[in-house]
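Keep in mind that the numbers below use all heavy atoms, side chains included, and drop hydrogens, waters and symmetry copies. We count residues from 1, following the sequence as given.
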Amino acid sequence: MMLPMFNYEWRYLLQGSRWIRSEPFLSVNSAKSVGKRTSCSVATEPPPAATEKPEMDSPKEIFLKDYRKPDYLFDKVDLQFQLGEEKTIVTSKIVVSPGVEGSISAPLVLHGCDLKLLSIKVNGTELKGEEYTVDSRHLTVSTPLAGVFNLEIVTEIYPQLNTSLEGLYKSTGNFCTQCEAEGFRKITYFQDRPDVMAKYTCRIEADKTLYPVLLSNGNLIEQGDLEGGKHFALWEDPFKKPSYLFALVAGQLGCREDSFVTCSGRNVTLRIWTPAQDLPKTAHAMYSLKAAMQWDEEVFGLEYDLDLFNIVVVPDFNMGAMENKSLNIFQSRLVLASPETATDGDYAAILGVVGHEYFHNWTGNRVTCRDWFQLTLKEGLTVFRDQEFSSDLGCRTVKRIADVSKLRIYQFPQDAGPMAHPIRPHSYIKMDNFYTVTVYEKGAEVVRMYKTMFGASGFRKGMDLYFQRHDGQAVTCEDFYAAMCDANNAQLPNFLQWYSQAGTPTVKVSSSYDPSSQTFSLKLSQEVPPTPGQPVKEPMFIPVAVGLVDSTGKDMPLTSVYSNGTLQTLTSDGKPVFTTVLQFKKKEEEFIFKNVPEKPVPSLLRGYSAPVRLDSDLSESDLFFLLASDSDEFNRWEAGQVLARKLMLSLVADFQQQKTLVLNPKFVDGLRSILRNTSLDKEFIAKAITLPGQGEIMDMMAVADPDAVHAVRNFIKKELALQLKDDLLVAVASNRSSEAYTFNHDSMARRALKNTCLAYLASLNEPDVTELALHEYKTATNMTEQFSALVALSQNAGKVRDDALMDFYNQWQNDYLVVSKWFALQATSEIPGNVVNVQKLLSHPAFDMRNPNKVYSLIGGFCGSPVNFHAKDGSGYKFLGEVVLQLDKINPQVASRMVSAFSRWRRYDETRQALAKAQLEMIVSANGLSENVYEIASKSLAD
């Protein structure tokens, strides 16, 4: 499943970055209606009494240590849906057998939520009232039969009233499902846990006119007409799966059809279903799917295993996309694209997310998680796979920079806050709250470390053994670790700490050179900070990739390194080694390189070989040298970022002391040389001249000061624009193109550099550059360039900004995905007092609180504007507090993501702390609060 993170969304929308992981949502329109579609709505009337929620039960925390195997297994599940406008009847017939640890006396406990039970039978006999009990969460059969038996349950549900977008719901005319993590229990009573795997059939009956397309997992076995204008479809999935991978879609949809021939010669039919008017926008998604299928065969030897692969596109969806076996469901923004309506960032996101969900067919579906604590087993691994896929089809360095930036901006703060958890959490109240950047992005970094240690071929051997051992099973993170180590005949001592310890390690490095012995020493120490529930930490296994750069800027050949009483000779098939990976496993270790003829400048943590904070003794001149010379392009970018972070922190201190701000001319010269270097990739240049974000700088301060950081970043931006104006103007002019839009790296890199430079120039708010930005806006032939020009113009308050925003809305008001960009741009504005504008936009006819994408764009976007969300008067906090309570009654998952913006309130000054705390206390004390929001808010308040 693709993680929905609203805070990725707004940055991605505004910066057009290559790729985001975000993102959410679902709803489909009749293929016959081609009118305005700015509002994607779901019903919000109160449900009938049968599904009304009681007051929130006392929240129950679930612990990994308490895991036990199921008492009963489900071998076969036959589902029947009678879809109706007022109600839907669900019949489940389940073949039940004793579990490995089951006993005859164990009750059969089934999960259920918001269900009306109509009947329950065992072996065809209806159970009497005393033979089972029902409460708000469970149906319990007190004394089931011994051995194998048949269980039949009939429930009544109300999809059209389901605003949580979990289970089966109806949205903009169509039925669809979202069952991960615990949505299946809103469809029928079931052992709704990932280690209960069964073979499914699904029969769907519905009105043929209203719902001509009936889809579920697997292969279509039979279809036909029924009396009363109805029809049916029967689907069978030949592979065992857990309930979270069940899917159903019914509605009026058209499809783009294509095919793919697998490496063994199987012909697979590929279909992307969407409202008919959107079919032209599905070409890129189809290209992405076929590219992913080919890449997985070539890189991992993994072939698709059925004859049909369906993708369904829907506007209202809590997550970004869902990997249901053979029936992927996607939020529309992650499939629909045309050059006129989608940015380069959208195109790249579609490539990555379509790949991600397809890759889950093996890493998630064929081999799944034993329990939800193991979520990173499928998500961290699959994020790593989609990162590699996007890197191979684009620019590896730029993709790596984007991924590491995302980790630092979003995951590092989570690791340092009240919701800090390991990539495998120890406990949760609502699993939905742990679809996090830690589980996904940090989890992907942990998987990447296996590849760093074992190399590409060793990693492939580990993957092969993993599938050989565990195909068709629900397994644990230890199983993946064992496959990697066993396949490479290796041990990685204390590596499993990455799965159990929260927090971002800090690695300190000091270096020394001895010219008499020609040795170069690196002394490393590590510290993992205390996190909630983990005050004391053990040392981590940290792979540190290192190169040594000589005075001419060339990498030195590395011959040997001494550590822990052992001298290791470094060779690679007789060729010189220029980068080696140090295995740093203790609190402190020293590594001594031999045969080093001159004092080098160390290039540390090359390619960002571990998800840590690095604190080295590199001087400012060393960093400028690496910025100009390092052969590792990631570290070249990183040198510039370290310089920028130090510069910004120094100027923040000056600002706080009311000193005059002065920009270091060496920093300007360094960026000028990057800007003028024609040998560098243009998108790399765009990344290299982009300053660290405000959140990243605030995260490095003892007391975060959003006003000071905002002022300093704006000062540096304008000073750079002023001093580099001629170079920036040249870059804009030389990177224009009149050619038709193409999605390839060179074209995207050209646009990225042009748009970054235009944003710098527009910050000056001078008539000539404003005219330039207006010209770029008016003459743009694709959304990437039009929207980037609008972003540039929107930096400065005034009539030009207002007119441009109105013009953009008038042009695109009938395209709800483009309108979401318009919302996000205004929400993230750093113009003072923006909360008033955002409050007005809540009443805009195109905004819908029931559509997650709109919420993430407007409300999530506002939370991503530090200077306004953290306004000293508390207006941003008050706004969010009120919205969270509104949202919680509609969609608790989305509400809990919004309330997360409060989680680090203790990082700010006492005035802001008091204001934020008051909102959290107000939220926690609200009647009928969901467990989702309660968990985040209460943990944020905990000492």
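- Residues Arg266 and Asp307 are paired through a salt bridge, judged by an N-O separation under 4.0 Å between the basic side chain and the carboxylate.
- Ring pair Tyr200/Phe184 is perpendicular by interplanar angle, where above 60° counts as perpendicular and below 30° as parallel.
- Using a 4.0 Å cut-off between charged nitrogen and carboxylate oxygen, Lys325 and Asp237 do not count as a salt-bridge pair.
- Side-chain atoms of Phe495 and Tyr450, non-hydrogen and from C-beta on, do get closer than 4.5 Å to each other.
- Stacking of Lys65 on the aromatic ring of Phe63 is recorded, both the 6.0 Å distance cut-off and the 45° axial limit being met.
- Under 3.5 Å, the side chains of Gln893 and Glu166 contain a donor-acceptor pair of N or O atoms.
- Under the 4.0 Å criterion applied to side-chain N and carboxylate O atoms, Glu236 and Lys199 are not assigned as salt-bridge partners.
- Here the options are Lys399, Arg396, Arg400, the test is salt bridge (Lys or Arg N to Asp or Glu O under 4.0 Å), and the partner is Glu388; only Arg396 passes.
- Under 4.0 Å is where a charged nitrogen must lie from a carboxylate oxygen, and between Glu357 and Lys378 no such pair does.
- A salt bridge links Asp415 with Lys442; the closest basic N to acidic carboxylate O contact falls under 4.0 Å.
- For the pair Asp486 and Arg469, the salt-bridge criterion is met [side-chain N within less than 4.0 Å of a carboxylate O].
- Between Asp66 and Arg68 there is no salt bridge, since no side-chain N of the basic residue sits under 4.0 Å from a carboxylate O of the acidic one.
- Salt bridge Asp296/Arg385: present, at least one basic N to carboxylate O contact under 4.0 Å.
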task: Decide yes or no on ring-ring contact (aromatic ring centres under 6.0 Å, His included) for Phe389 and Phe359, but give the supporting numbers first.
output: CA-CA 10 Å; Phe389 168 60; Phe359 300 146; 5.3 Å; yes

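- Every residue two or more places apart in sequence or in another chain was checked for a salt bridge (charged side-chain N to carboxylate O under 4.0 Å, His left out) with Lys93, and none qualifies.
- Residues Lys585 and Glu589 are not paired through a salt bridge, judged by the lack of any N-O separation under 4.0 Å between the basic side chain and the carboxylate.
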